[in-house]
Amino acid sequence: MKGFSLRCLVLIWAMLQRSDMQVAVPATVLNCCEGDILILLDSSGSVSNYEFSRMLFFAADILRPFSLGRGHVRVGLLQVGTKPNLEFGLDVHSNQQSLQKSMRSVSQLKGDTNTEAALRVAWRVLTETEANVPRVLLWLTDGVQPGDVDQLMSELKRQGVSVLAVSTVHGNYQVLKRAVTPPLESHLYNVDIDNIDIITEDLREAIIKIIGAERLHVVHLTSHSAVLQWRPVLRPGSGYYILTYNSVRKMDPEARHSLPGGSSRIELTNLHPDTTYTASLRPEFNQRLFKTLSVNFTTLPDVLSPTVVSVSDSSPHQIRVSWGPLQPNRVQRHVVEYGAIPSGRVQTMTLQRQQNSTLLTGLEPGTQYLVTVSAVHADGKERAMSVRACTQEAALPALADLQLTQVQHQEVQVAWHGHQEGLMGYWLSWERQNSYTSSVYLHPNSHSTRLTHFTPGSRVCVSPVYSSGRGDGICCTAERHTGWLN
């Protein structure tokens, strides 16, 4: 097995070497960008030699087209193991030949997946760099037990670092989802290690959108908002930006914002849905003239809540109803109507706009209900969605009492008491001599019977039988020298 892994490793890096000679660098990418990229590479023992080699080759291929060095793209590689290892920092490589050679010589650490410790190193590397260039943390992992990374990832993002992630197995999706910066479609990938190369172009394009020089671009869109991002060309305290935007159809007066020189993104809110806007960004600095950047974008079509209604926590007399998305800024109130199908009395509940669930109580067991959730929006529009929900069957009554009375040697009188409503009969079972078990079905009006050839220490069980199933029974054991047993 060790020899096989070694051959795989040699094969992968042979591919890398051939790629150096055969792959032409796209001219459109060479001088496109300026920023810092730190590769956070899972090098722990949960990653096989083959997976590690594939991830390393993938990272090298992603970086291949970029011009390196200050004023272009700086690249660092940080390995995750029991102890983090900064393989090389951001200022080490200024050309592709040096970078690719260094990546071919990287050895796997093995050990534990101590991502938290590695992120503390990443924090130091990325926050001590120039703040006026975009910074990217590219996390390559097998997704297995990444650890408690939420707080550290949040701190990095608060410092303006864009986090992208590639997971080669189905790890904890929620952890990865919280770690990356939006949009998830282009910043979070789950892919089989053998097919990881199919996302190379998409991931590289996502990185270019972040570190692309002199570009104003949209990084997140909803029906009523847009997040714009740009490469900072001004330093904090030196100059400012003027951002203006309006719909192409001039539906509103032109909006204008003045932003400090250290800014690199802004969220535009209260936009109209399904509307095309044009935005312009003009850096203002008295010692240099910068060109104005512009971008056009179209907001998404409007989404009115509720778009989903679900039921949970069903019991014989209650059901929980939930709905979404929650839109407290746009919804005045929610109305929940419910009634038994086909002709039950309809009941109505009016709820506050901040609520997205409620518990329906006082329901009939084993009954199907039609539940309708309506949202009354501030603009007068109303949207409703209905679901069918069933309560659970009521618990079947249990046997109330069971008594054994010794009549003669090896004979006992069995007496019981049950609930008569819906009763179909009783199921009686007992142990005979030689440990054989016998059973009999008795009429619902039966309340006692006599068992013969009964051995002391044998067990007797009686259960009530209803049309929908058997209720909980009672079992007794006849003990020696005992006249009654309850």
Side-chain angles (χ1 to χ4, degrees), residues 28-38 66-76 89-94 120-138 152-164 181-182 187 206-220 225-246 253-271 277-297:
T28 55
V29 178
L30 269 173
N31 296 299
C32 73
C33 307
E34 181 179 3
D36 297 334
I37 303 174
L38 180 62
F66 295 112
S67 296
L68 303 182
R70 289 190 175 272
H72 297 285
V73 177
R74 299 192 303 169
V75 176
L90 296 172
D91 284 315
V92 173
H93 300 292
S94 58
R120 294 187 186 96
V121 177
W123 164 272
R124 187 180 72 247
V125 172
L126 291 171
T127 58
E128 291 179 358
T129 185
E130 297 180 17
N132 63 336
V133 299
R135 292 158 294 169
V136 174
L137 178 70
L138 178 56
L152 292 166
M153 286 295 189
S154 296
E155 289 294 329
L156 282 169
K157 288 185 287 186
R158 273 196 288 270
Q159 292 296 318
V161 177
S162 296
V163 180
L164 289 73
T181 50
H187 288 185
I207 294 173
I208 291 174
K209 285 183 178 180
I210 298 172
I211 64 175
E214 296 186 358
R215 285 182 58 189
L216 177 65
H217 50 90
V218 180
V219 295
H220 188 56
S225 67
V227 177
L228 307 184
Q229 183 170 291
W230 60 92
R231 169 205 163 195
V233 294
L234 303 175
R235 295 182 180 275
S238 61
Y240 58 94
Y241 297 98
I242 298 296
L243 179 83
T244 59
Y245 65 95
N246 200 355
E254 183 179 72
R256 179 185 177 95
H257 294 280
S258 179
L259 306 170
S263 304
S264 62
R265 61 193 290 145
I266 184 175
E267 182 177 10
L268 311 181
T269 58
N270 299 320
L271 305 180
Y277 286 82
T278 181
S280 298
L281 181 74
R282 186 175 75 250
E284 295 284 354
F285 186 48
N286 57 13
Q287 297 182 11
R288 179 180 171 185
L289 181 64
F290 293 93
K291 75 174 185 177
T292 299
L293 309 179
S294 62
V295 66
N296 291 338
F297 60 89

Quiz item: Hey, does V136 have a side-chain heavy atom less than 4.5 Å from the side chain of L164?
Solution: yes
Quiz item: Shortest non-hydrogen contact from L228 to A279?
Solution: CD1-CB, 3.8 Å
Quiz item: Any side-chain heavy atom of Q229 within less than 4.5 Å of one from I210?
Solution: yes
Practice problem: Report the distance from atom CD1 of I207 to atom NE2 of H187, rounding to the nearest 0.5 Å. | Solution: 8.5 Å
Quiz item: Going through the checks in order, is the side-chain contact (heavy atoms from CB on, under 4.5 Å) test met by L293 and V295?
Solution: CA-CA 7 Å; L293 309 179; V295 66; over 6 Å; no
Quiz item: What distance do F297 atom CZ and L271 atom CG have between them, rounded to the nearest 0.5 Å?
Solution: 5.5 Å
Practice problem: Please examine the side chains of F66 and I211, heavy atoms only from C-beta on, and report whether any two atoms are closer than 4.5 Å. | Solution: yes
Quiz item: Please walk me through it: do T292 and L281 pass side-chain contact (heavy atoms from CB on, under 4.5 Å)?
Solution: CA-CA 6 Å; T292 299; L281 181 74; 5.8 Å; no
Quiz item: Taking only residues two or more places apart in sequence or in another chain, which ones pass side chain to side chain donor-acceptor pair (under 3.5 Å) with T269?
Solution: none
Exercise. With sequence neighbours left out, write down each residue that passes salt bridge (charged side-chain N to carboxylate O under 4.0 Å, His left out) with R282, or none if nothing qualifies.
Key: E284
Quiz item: What's the shortest heavy-atom distance between C33 and I208, and which atoms?
Solution: SG-CG2, 4.0 Å
Exercise. Kindly compute the distance separating CG (L137) from OG1 (T181), expressed to the nearest 0.5 Å.
Key: 9.5 Å
Quiz prompt | Interatomic distance, S94 atom OG to R70 atom CZ [nearest 0.5 angstrom] | solution = 11.5 Å
Self-check item: Listed once per pair and sorted, the salt bridge (Lys or Arg N to Asp or Glu O under 4.0 Å) pairs that draw on residues 260-270, sequence neighbours left out
Solution: none
Self-check item: Non-hydrogen side-chain atoms of Y241 and S258 separated by less than 4.5 Å
Solution: no
Quiz prompt | Main-chain N/O of S263 paired with W230 side-chain donor or acceptor, under 3.5 Å | solution = yes
Quiz prompt | Reported CG-to-NE2 distance for the pair D36 and H72, which is rounded to 0.5 angstrom | solution = 13.0 Å
Quiz item: Hey, mind stepping through Y245 and R256 against side-chain contact (heavy atoms from CB on, under 4.5 Å) and telling me if it holds?
Solution: CA-CA 7 Å; Y245 65 95; R256 179 185 177 95; over 6 Å; no
Quiz item: Can you check whether V125 reaches W123 side chain to side chain, under 4.5 Å on heavy atoms?
Solution: no
Quiz item: Can you find a heavy atom in the side chain of Y277 that is under 4.5 Å from one in the side chain of N296?
Solution: no
Self-check item: Side-chain heavy atoms of T244 within contact of N246, under 4.5 Å
Solution: no
Practice problem: Mind checking the CZ-CZ spacing from R135 to R74? Nearest 0.5 Å is all I need. | Solution: 10.5 Å
Exercise. Might you work through the side-chain contact (heavy atoms from CB on, under 4.5 Å) test for V219 and K209, ending with a clear yes or no?
Key: CA-CA 8 Å; V219 295; K209 285 183 178 180; 5.9 Å; no
Quiz item: Taking C-beta and beyond as the side chain, do L243 and I266 meet within less than 4.5 Å on heavy atoms?
Solution: yes
